[in-house]
Amino acid sequence: MGYEEELQSERDYVAGLYARLDNERARVKAAYQSALGGTGETAMDRDNEVRARHREMKRLNVADYGLCFGRLDSADGDVSYIGRIGLFDEFDDFEPLLLDWRAPAARPFYTATGANSEGMRRRRQFLTRRREVAAFTDEVFGRLGEDQNDVALLEALNAPRGAGMRDIVATIQAEQDAIIRLDHPGVLVIEGGPGTGKTVVALHRVAYLMYTQRERMERHGVLVVGPNPAFLNHISRVLPSLGESDVVFSTAGSLLPGLLATAEDTPEVARLKGSRKMVDVLKAAVSARQRIPQEPIPIGMKDVVVQIGPDVAEWARQEARDSGLPHNEARAVFREIITYVLTERAIGRIGKNWMSRSDKEAWEDMRSGLVKDLADDDGFLAALDLLWPIMTPFELLSSLYTSPEALAAAGADPSLHRGDGEAWTVSDVPLLDELHDLLGKDGTEQAADQAAAAERAAEARYASEVLESMVNRVDHMDDEDHLFASDMLDAEDLAVRFEQHDQRTLVERALADRSWTYRHVVVDEAQELSEMDWRVLMRRCPGRSFTVVGDLAQRRAPAGATSWGEMLEPYVPGRWEYRSLTVNYRTPAEIMAVAARVLAEFAPDVRAPESVRANGVQPWARQVTADELPGAIEEFVAAEAALEGTSVVIGPPGVPGTVPASETKGLEYDSVLVVEPERIMGDGPRGAAELYVALTRATQRLGVLHHSPLPAALSGLAETVRT
């Protein structure tokens, strides 16, 4: 059969797959409409059915384009088509028509080689346009001749960039696939230089885990943490394109519900706040609010006055601390001890002339009355607030920052002092999160918990009454023919059925709940996170299932990682895996040669990733005067607007029309213009790393505008002028 005949045959097969997909969509849509109509046994059953059908609809919808991207022919003559999702023949014992790329049987599509064919004879890759196969290329294992396996990859790499990151499901390479499918339940570190695909590999790994561990993963979802909102927006389409939507995207500054911090501290303050030593500072700040009065505090009770003396407060404070409860919740212990001592002393004075200690009933009656009086006594409540105040994390941290004395008492560096205590920065978020654990729930939260508990108790009582009524009715039936209701459920089970089920999506519920924990967490640009940031993330994932993505050579944060071990060993000692990616799929060799010289300036021991392609376009440089600079930038922007693809102008802070390199981390553009690289490189100890990031954002074209002489690492560009 000739090429055209085979192409038509493949088009017909793929058209059949789309017909099967459309039938599945119609079936699921009908089931979804039926669930909305209320066919479930209870409201909760109906809601679960609606959610399940909605997830299935979304899974089928993402497969509209790029449904099938290739096939495998085994040495035994079996043929398997590989695609975005799995499809089965409902009329033929549910035989697979299309294998999900994550299925074990699909793995050779990404890993088979001429040296190790894994039992395969041929790999065929499709080039598709919407729903139609436009062309295909074959790699026949064991046959001499040109290897065409990179055709689909190179086409994808050379294609203009769109608004966001694309999935690589059709072009996953062997070293990437090995990481995506790695059977490691704990922390996996993926390190790679610019353009190695570490981010997209991590996201495909999430899709793989959610496919292979669906039941375990879907109830709590996945958290993806990135360096800035632009980056998260850039990558946000990848997982939905793979059929996975139970994913929460967040920056380090938005991990606390209700707070979005974007302001940055000075490098030195950020370094101090990011240190694990801040845990001791915060504990000391909390302890300092657990006070002992210098003078006894008088409390009037009926006809007597009793005192809260230093000795009593010290005893109560120690008991509260020994309880192990967070500060706000330990106040109940502190209050109980103080209340006990005050009532004992008051009763002893009031009843000394007419009541003996052995008269327990009278003693307890009087105590009960005094306890009620204390609960409403303004002086007593004011004393409690003075000695053991209820605090929120925001109140405590704000008061700490605005008081040099409080900072000194807590052992904090004086440079943490600031006039506006509530001017929250990104570095404050992990400290506020830490204080949530140290303080516990405040009065409002405790009251809400009590109200919810009371409501649940009332529901349980009502359910118990319903259950008893059911049992009484069944008692009159034949025991041999009928199962008692009490054999099937108890009052608590029945109460759950009366509860109004939460209608929010998993993402909405997770974003609103600080105590939400995830089954898996992806951390991108992880080298930028501080020790305190890692404490937050470990709290969010008690199961310690992480995919950590980064490049230590690109670190710019003063509190960031200098080694992976220093960040991870305190939490998963000896239980984390490291993998590296060495091939640059983004940056052409011409641009990478320039960036590699900058890398050698600040990280001579680090080897730049090797580019998989060259595009024949040489980077250029142009020296301009200060007056000419704005016009040169406008010229670049206008020229790029006429071309297909994306572009960006990167420059040092304060240059109009540019964005800093830090805001482009993890992003990619067809064309990049770097402005005044000499200023970027000279901006502090990590300036060279910033320039390295800027240079490696380009996938096709790179230009440089400079006013002062170029840095030595870029001197080779001086003679090249854009025409």
Side-chain angles (χ1 to χ4, degrees), residues 255-259 278-293 297 299 308 310-343 367-368 371-372 374-400 406 409-410 428-458 460 509-510 512-517 532 535-536 538-542:
L255 285 170
L256 269 182
L259 176 64
M278 283 301 298
V279 175
D280 294 331
V281 170
L282 297 177
K283 288 180 178 178
V286 172
S287 295
R289 303 300 291 272
Q290 301 164 356
R291 302 186 180 101
I292 304 298
I297 301 174
I299 304 293
I308 304 176
D311 57 334
V312 175
E314 176 61 42
W315 174 30
R317 182 172 71 173
Q318 195 58 49
E319 289 288 337
R321 288 176 174 176
D322 290 346
S323 71
L325 294 170
H327 169 87
N328 289 337
E329 296 163 41
R331 171 167 153 144
V333 178
F334 182 84
R335 177 175 181 159
E336 182 180 4
I337 299 297
I338 298 293
T339 299
Y340 170 79
V341 172
L342 294 184
T343 54
R367 180 194 299 281
S368 178
V371 168
K372 291 179 181 178
L374 278 179
D376 297 325
D377 186 87
D378 290 339
F380 176 67
L381 296 177
L384 286 178
D385 288 340
L386 174 67
L387 301 178
W388 199 285
I390 295 288
M391 297 176 289
T392 69
F394 299 95
E395 292 168 346
L396 179 57
L397 194 58
S398 176
S399 65
L400 180 66
D428 289 328
V429 173
L431 307 187
L432 291 166
D433 195 74
E434 191 79 29
L435 284 171
H436 268 283
D437 275 11
L438 293 175
L439 293 175
K441 296 180 178 180
D442 61 31
T444 302
E445 293 169 319
Q446 292 180 33
D449 283 352
Q450 292 169 0
E455 184 177 355
R456 287 194 299 270
R509 286 179 286 140
D513 185 359
R514 179 201 166 260
S515 64
W516 188 277
T517 57
M532 293 302 294
R535 290 178 64 85
V536 178
M538 291 296 170
R539 281 192 284 271
R540 299 296 190 272
C541 188

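Because the structure is predicted, anything quoted here is derived from the model rather than measured. All values below were derived from every heavy atom in this structure, side-chain atoms included, with hydrogens, water molecules and symmetry-related copies excluded.
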Q. Could you walk me through whether Val371 and Glu336 pass the side-chain contact (heavy atoms from CB on, under 4.5 Å) check?
A. CA-CA 10 Å; Val371 168; Glu336 182 180 4; over 6 Å; no
Q: Assess whether side-chain contact (heavy atoms from CB on, under 4.5 Å) is satisfied between Val279 and Met532, documenting all intermediate values.
A: CA-CA 8 Å; Val279 175; Met532 293 302 294; 3.8 Å; yes
Q. Who pairs with Glu319 by salt bridge (Lys or Arg N to Asp or Glu O under 4.0 Å), at least two apart in sequence or on another chain?
A. none
Q: Could you give me the CA-CA distance, side-chain angles and deciding distance for Met391 and Ser399, then say whether side-chain contact (heavy atoms from CB on, under 4.5 Å) is met?
A: CA-CA 11 Å; Met391 297 176 289; Ser399 65; over 6 Å; no
Q. Under 3.5 Å, side chain of His327 to main-chain N/O of Pro389, donor-acceptor pair present?
A. yes
Q) Taking C-beta and beyond as the side chain, do Leu397 and Leu282 meet within less than 4.5 Å on heavy atoms? A) yes
Q. What are the two closest non-hydrogen atoms of Pro393 and Leu439, and how far apart are they?
A. N-CD1, 3.6 Å
Q.
Can you tell me if Glu314 has over 12 outside heavy atoms packed within less than 6.0 Å of its CD?
A. yes
Q. What residues form a side-chain hydrogen bond (donor to acceptor under 3.5 Å, both in side chains) with Asp437, not counting sequence neighbours?
A. Arg514
Q. Going from CD1 on Ile299 to CG on Asp378, what distance comes out if it is rounded to the nearest 0.5 angstrom?
A. 10.5 Å
**Q.** Those residues that, when tested against Thr339, pass side-chain hydrogen bond (donor to acceptor under 3.5 Å, both in side chains) (two or more places apart)
**A.** none
Q.
Using the rule given for side-chain contact (heavy atoms from CB on, under 4.5 Å), can you reason through Lys283 versus Val286, listing the C-alpha separation, both sets of side-chain angles and the distance that settles it, and then say yes or no?
A. CA-CA 5 Å; Lys283 288 180 178 178; Val286 172; 5.8 Å; no
Q. Pro293 and Ala313: which non-hydrogen atoms are nearest, and at how many Å?
A. CD-CB, 3.5 Å
Q | Distance (rounded to the nearest 0.5 Å) between Leu438 CG and Asn328 CG | A | 10.5 Å
Q) Short question: side chain of Arg540, backbone of Leu255 - any donor-acceptor pair under 3.5 Å? A) yes
Q. Could you state the interatomic distance from CG (Leu342) to CZ (Arg367), rounded to the nearest 0.5 Å?
A. 11.0 Å
Q: Could you pull out the closest heavy-atom pair between Leu381 and Ala375, with the gap in Å?
A: CD1-O, 3.8 Å
Q) Does the side chain of Leu432 come within less than 4.5 Å of Leu259's, by heavy atoms? A) yes
Q) Once you round to the nearest 0.5 Å, how far does CZ of Arg539 lie from NE2 of His436? A) 10.0 Å
Q.
Can you tell me how far apart CZ (Arg289) and CG (Leu386) are? Round to the nearest 0.5 Å.
A. 9.5 Å
**Q.** Trp388 versus Ala330, closest heavy-atom pair with distance
**A.** CZ2-CB, 3.9 Å
Q. Does some side-chain heavy atom of Ile390 sit less than 4.5 Å from a side-chain heavy atom of Leu384?
A. no
**Q.** Pairwise salt bridge (Lys or Arg N to Asp or Glu O under 4.0 Å) hits with a residue in residues 384-400, at least two apart
**A.** Arg331-Asp385
Q. Roughly how far, to the nearest 0.5 Å, is the CG atom of Leu387 from the CD1 atom of Ile338?
A. 7.0 Å
Q) For Gln290, does its backbone N or O pair with a side-chain atom of Arg317 as donor and acceptor, under 3.5 Å? A) yes
Q | Counterpart residues, ring-ring contact (aromatic ring centres under 6.0 Å, His included), relative to Phe394 (two or more places apart) | A | Trp424
Q) Of all residues at least two apart in sequence or in a different chain, which pass the salt bridge (Lys or Arg N to Asp or Glu O under 4.0 Å) check with Arg321? A) none
Q) What is the minimum heavy-atom distance between Ile308 and Ala383, and which atoms define it? A) CD1-CB, 4.0 Å
